[in-house]
Structure formats: C-alpha cells, structure tokens
Q: 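Quick one: this structure, given as structure tokens, is what I'll be asking you about.
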2 protein chains.
Amino acid sequence: MSTAEAPQQRLLTIGTVCRRLQGEFDDISISKIRYLEDQGLLTPRRTQGGYRMYTEDDVEHLATILRLQRDEFLPLRVIRQVIASPEGSQQRRRKLPPALGTPEDEVTLTELVERSGASPDLVRELDEFGLLAPRTGSGEKRFPETDVEVVTLCARLNQYGLAPRNLRAFRTSADRNAALLEQVVAPALRAKNPERRREGLEDLQSLAEIAQELSALLLGRDLRRLSAS
Amino acid sequence: MSTAEAPQQRLLTIGTVCRRLQGEFDDISISKIRYLEDQGLLTPRRTQGGYRMYTEDDVEHLATILRLQRDEFLPLRVIRQVIASPEGSQQRRRKLPPALGTPEDEVTLTELVERSGASPDLVRELDEFGLLAPRTGSGEKRFPETDVEVVTLCARLNQYGLAPRNLRAFRTSADRNAALLEQVVAPALRAKNPERRREGLEDLQSLAEIAQELSALLLGRDLRRLSAS
DNA sequence: CAAAGGGTCAACCTCAGGTTGAGCCTGTTG
DNA sequence: CAACAGGCTCAACCTGAGGTTGACCCTTTG
C-alpha cells in the first residue's frame with residue numbers, strides 16, 4: 001500500500017484495538033466498537049478501502065468511554081455529552097422547567113398542601129411572605145404547579161431553621177435577577193413579529209440557565225469562603 | 001436541625017405518596033412505586049387489608065432512590081447496593097463541586113484570561129464590579145479556580161448584552177443568600193468539636209443545594225409570568 | 001492470489017424498567 | 001349499609017438500550 005513517508009503514526013485496525021483492550025475490558029468486541037462508533041462516540045479515520053484505523057489517542061478515548069460505562073454506569077447518551085463538552089464539564093442535571101411561554105397548570109390550596117406534604121400553616125406563612133404566586137382571582141386561590149415544589153423545598157429549609165420570613169430573601173433575589181434578564185429580551189418579547197418573540201423566549205431560556213449556573217457558582221464561592229474562615 | 005416530630009406518625013397511602021412526589025419527579029407513578037418495591041428497594045408497612053402505608057421516612061427514602069436514578073443515572077441494582085450498604089460506607093460519589101471546607105486551587109490573572117477565553121478587558125471589568133474573588137495578597141492577584149467558570153459564564157451573558165455592571169446584582173443576591181445560610185450553621189462551624197463542624201459543613205452543603213433549587217424555581221416562575229404578560 | 005481480516009446492513013436478542021388490564025378486596029363516607 | 005374511590009396481585013405486554021449474528025461483499029498483505 002501507499003508507502004507515504006508521512007509521519008507514520010502507527011495506526012491500528014479494529015481487530016488489534018479490540019485485542020489490545022481485552023486486558024482491561026473483558027466484554028469488548030469488534031461489533032461493540034463498531035456499535036459505539038455508530039452511536040457517535042468514536043470517529044476513527046478510514047483507509048481508502050473503508051477500513052477503520054485507530055490512533056493511540058483513539059484507543060485511549062475508547063478506554064475512557066468504556067471506563068465511564070463500566071465504573072460510573074453512565075449510559076452512552078450521557079457519555080456522549082460528557083465527552084463532547086469542553087473539558088470543564090458542567091453537566092449539572094437541571095430538570096428544565098416547563099417551557100417558557102406556555103401556560104402552566106394550576107392547583108388549589110388543598111392540592112398544594114396535599115402534594116407538598118407541608119403543614120397548612122407553613123403554606124399559609126409562605127404565601128404571606130410572598131413566596132408563592134397565587135392567582136388571586138374569583139373565589140378560590142389558584143397556585144401555579146411550580147409552587148408545589150417551592151413549598152417542598154421551603155419546608156426542607158424550614159426544617160433547618162429557616163423560617164418563611166427569612167426565605168423572602170430568596171424571592172427578592174429571584175425577582176431582581178428576573179427583572180435583569182427580562183430587560184435584555186423585553187424588546188423582542190414586545191415585537192409584533194412572532195418569530196422574533198419566539199427567539200426572545202429562547203434567549204430568555206438560555207439566559208436563565210446561564211444566570212442560574214452563575215448564581216450557583218457565586219453562592220458556592222461565598223460559602224467556601226465563609227466556611228474556610 | 002431536628003424539628004420535634006409530631007407523634008401523630010401520619011401514614012400515607014401509595015396514591016398520596018405518588019402525588020406528593022409528582023412535584024419533584026414527573027415520571028413517578030403508582031405502578032413504578034410498586035415496581036421499586038418489587039425490586040427490593042422499598043418495604044412499606046402494610047395494613048391488615050394489605051394496603052401499603054408509607055411513613056415520612058419512607059417517602060424521603062423513595063425520593064433519594066429516584067434522585068440517584070435520575071441525577072446519577074444509577075441502575076436500580078446499584079442503587080440497591082448503595083442504599084443497603086452500611087451507613088458509613090465509602091461509597092460516597094464525589095461530584096464535581098469541590099467539597100466545602102477544603103482549600104481551593106488558585107490561578108493567576110493570566111491563567112484566568114487564558115482558561116476562560118475572555119478578553120482581558122472583560123476580566124478586568126468583572127473584577128472591578130466585584131464578580132471575582134481574588135485574594136489580594138502580596139504581589140500578583142490570585143483567583144480561586146471557580147472564577148474561571150464565573151468569567152466564562154459572565155462572558156456569555158455579556159454577549160447577550162449584560163455588562164459586568166449589571167451582573168453585580170447576581171453577586172449581591174448570592175452574597176445575601178450565602179449569609180442567610182451561614183447564619184444557620186454558624187454555631188456548628190464555630191464549634192470546638194470537629195465532628196460537629198463536619199456536620200455543619202454537610203448541612204451547609206445540603207442547604208446550598210436546596211436553596212439553589214429554590215432560586216431556580218422562583219426565577220423560572222418570575223420569567224414565566226413576565227413572558228406570559 | 002488466497003486467506004485473514006474488514007465493511008455494511010437488517011434482523012435479532014436480552015435485559016432493565018416499567019405499564020396495562022382483569023378480577024378482586026378494602027376503607028370511607030353520606 | 002351501599003356505593004365507590006382507591007388498593008391489591010399477577011401475568012402479559014411494551015419500549016429502548018446495548019449489543020450480536022449472519023449474509024454477502026470488499027481490502028490488505030504475505
């Protein structure tokens with residue numbers, strides 16, 4: 001074959017790679033390696049004839065994947081993210097809230113108490129201190145479904161000794177941050193063009209995610225400092 | 001942190017448990033709860049008639065299982081081990097956030113610019129507006145490693161039009177929240193007894209996680225409302 | 001040029017993690 | 001005390017992840 005005097009990085013065929021890894025991973029197989037490639041976890045070079053050829057780095061990469069799978073029990077879909085994301089992986093599992101811009105389900109006070117498992121008193125206090133967001137329309141108050149979780153979380157904080165009165169601070173912070181982000185996208189949201197509005201919502205979502213991560217980081221930094229002193 | 005447990009020991013039926021957890025886990029279902037029991041992960045009491053009855057602890061236990069499954073991607077068979085293993089097991093999964101109470105690595109300004117990929121100007125501004133946490137000691141400033149990510153995130157927000165001047169609000173919020181949480185554990189952290197201090201740190205970590213989730217939720221709620229109007 | 005090794009693709013397999021439905025029982029409420 | 005919402009079990013079923021197998025054809029290399 002081509003005796004190109006290119007920097008002949010010794011390339012390995014799939015069979016060789018497989019044998020090489022058999023030591024550390026007994027469940028490796030040629031078909032599995034091909035499967036992982038199919039799943040987008042690997043992209044070896046190919047010869048003219050279509051043979052897969054692996055560099056040493058490819059092999060190391062593959063070993064990493066197999067280790068994540070075997071030792072951390074990560075599903076391939078997650079490994080794909082971990083691998084793909086810039087080394088400073090911040091794959092924090094954020095349960096994304098219901099998409100912005102779609103109306104949310106509402107619950108009654110009774111449901112709220114029931115589903116959060118908190119005492120009616122606590123719920124009342126939380127409401128009083130503005131941590132809940134009821135729609136005070138005709139008749140019975142209705143709360144956004146999110147408030148179920150809000151109450152649950154507040155109840156846990158309450159157990160640690162943070163009364164609703166103290167928790168108000170979280171709301172204030174959230175409000176201020178929300179207002180800040182809203183400023184940015186306000187023009188887009190007020191636009192006539194629906195496409196423009198949709199983009200505004202998407203931006204808002206992105207902004208919220210970034211802002212949230214930033215807040216988490218800053219909080220962590222503060223706490224670290226406080227706890228170190 | 002222990003609040004006096006009401007002696008009522010109110011037991012919950014499976015349906016109630018299910019509704020209660022719907023807030024945090026949207027994929028929970030009665031059949032899933034029964035399935036988890038079948039898999040040996042749960043053992044609620046039974047009434048004479050055979051009804052499953054859950055204590056608050058059972059619910060917390062179940063929530064833990066669901067969290068391990070959702071956030072750590074652990075298969076049930078592994079969760080079973082983790083749960084069953086003796087309390088003081090070394091199975092502690094180390095996650096990304098550097099543990100509280102251990103000193104953090106530091107980087108120089110140059111490294112900070114380099115690793116965040118932001119412009120020196122931006123970094124300078126961020127510092128000026130108090131978003132970074134340099135240790136202003138002898139000679140060159142040194143930043144905690146966390147600041148690399150802080151800069152990265154701020155840079156992204158900056159692209160959306162949020163200048164460092166605006167971002168200060170995030171810091172203020174974080175500071176206030178941190179102070180709030182710190183109050184709770186301050187006595188423990190100042191304790192002589194090292195065991196007590198360790199517990200304080202652990203509580204602080206838990207508090208931070210809950211607080212963060214709460215903030216996220218509140219922010220989401222605000223934005224939803226803003227974007228709906 | 002032959003044999004050893006590779007390539008693709010569709011069909012298939014196994015297991016985890018549940019869901020569904022039938023048929024029956026329990027607990028609560030008016 | 002009847003009605004009815006909610007629970008119970010058990011077997012059958014479903015879906016998706018993570019591969020395997022086999023048929024058939026193509027490359028590479030001694």
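Just so we're on the same page: letters track the sequence lines, and every chain starts at 1.
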Q: Expressed in angstrom and rounded to an integer, what is the separation of A/R46 atom CZ from D/dC26 atom P?
A: 16 Å
Q: Could you note down all residue pairs passing salt bridge (Lys or Arg N to Asp or Glu O under 4.0 Å) where residues 13-29 of chain A supplies at least one of them, sequence neighbours left out?
A: A/R20-A/E56, A/E24-A/R67, A/E24-A/R70, A/D27-A/K32
Q: Starting from P on D/dA17, measure out to CZ on B/F73 and report it in whole angstrom.
A: 13 Å
Q: Can you measure B/D38 atom CG to D/dC8 atom P for me and round it to whole angstrom units?
A: 13 Å
Q: Kindly indicate whether the side chain of B/L223, heavy atoms from C-beta on, has any atom under 4.5 Å from the side chain of A/L207.
A: no
Q: Between B/L218 and A/A174, what is the shortest heavy-atom contact and its length?
A: CB-CB, 3.6 Å
Q: Measure CD1/B/I33 against C1'/D/dT9 and give the value in whole Å, please.
A: 17 Å
Q: Tell me: CG of A/L11 to P of D/dT29, nearest whole Å?
A: 11 Å
Q: Taking any atom under 4.0 angstrom from a heavy atom of chain A, which nucleotides of DNA chain C are the first and last to qualify, 5' to 3'?
A: C/dG5 to C/dT8
Q: Between A/T47 and D/dT28, does any side-chain N or O lie under 4.0 Å from OP1 or OP2?
A: yes
Q: Can you measure B/Y51 atom OH to D/dC8 atom C1' for me and round it to whole angstrom units?
A: 8 Å
Q: Just how far, in rounded Å, is C1' of D/dG7 from CD1 of B/I14?
A: 8 Å
Q: In whole angstroms, how far is the C1' atom of D/dG19 from the CG atom of A/L76?
A: 10 Å
Q: Between the side chains of A/R224 and B/E182, is the shortest nitrogen-to-carboxylate-oxygen separation below 4.0 Å, so that they form an ion pair?
A: no
Q: Could you check which residues of residues 17-31 of chain A get a heavy atom under 4.0 Å from DNA chain C? Sort them by number, please.
A: A/I30
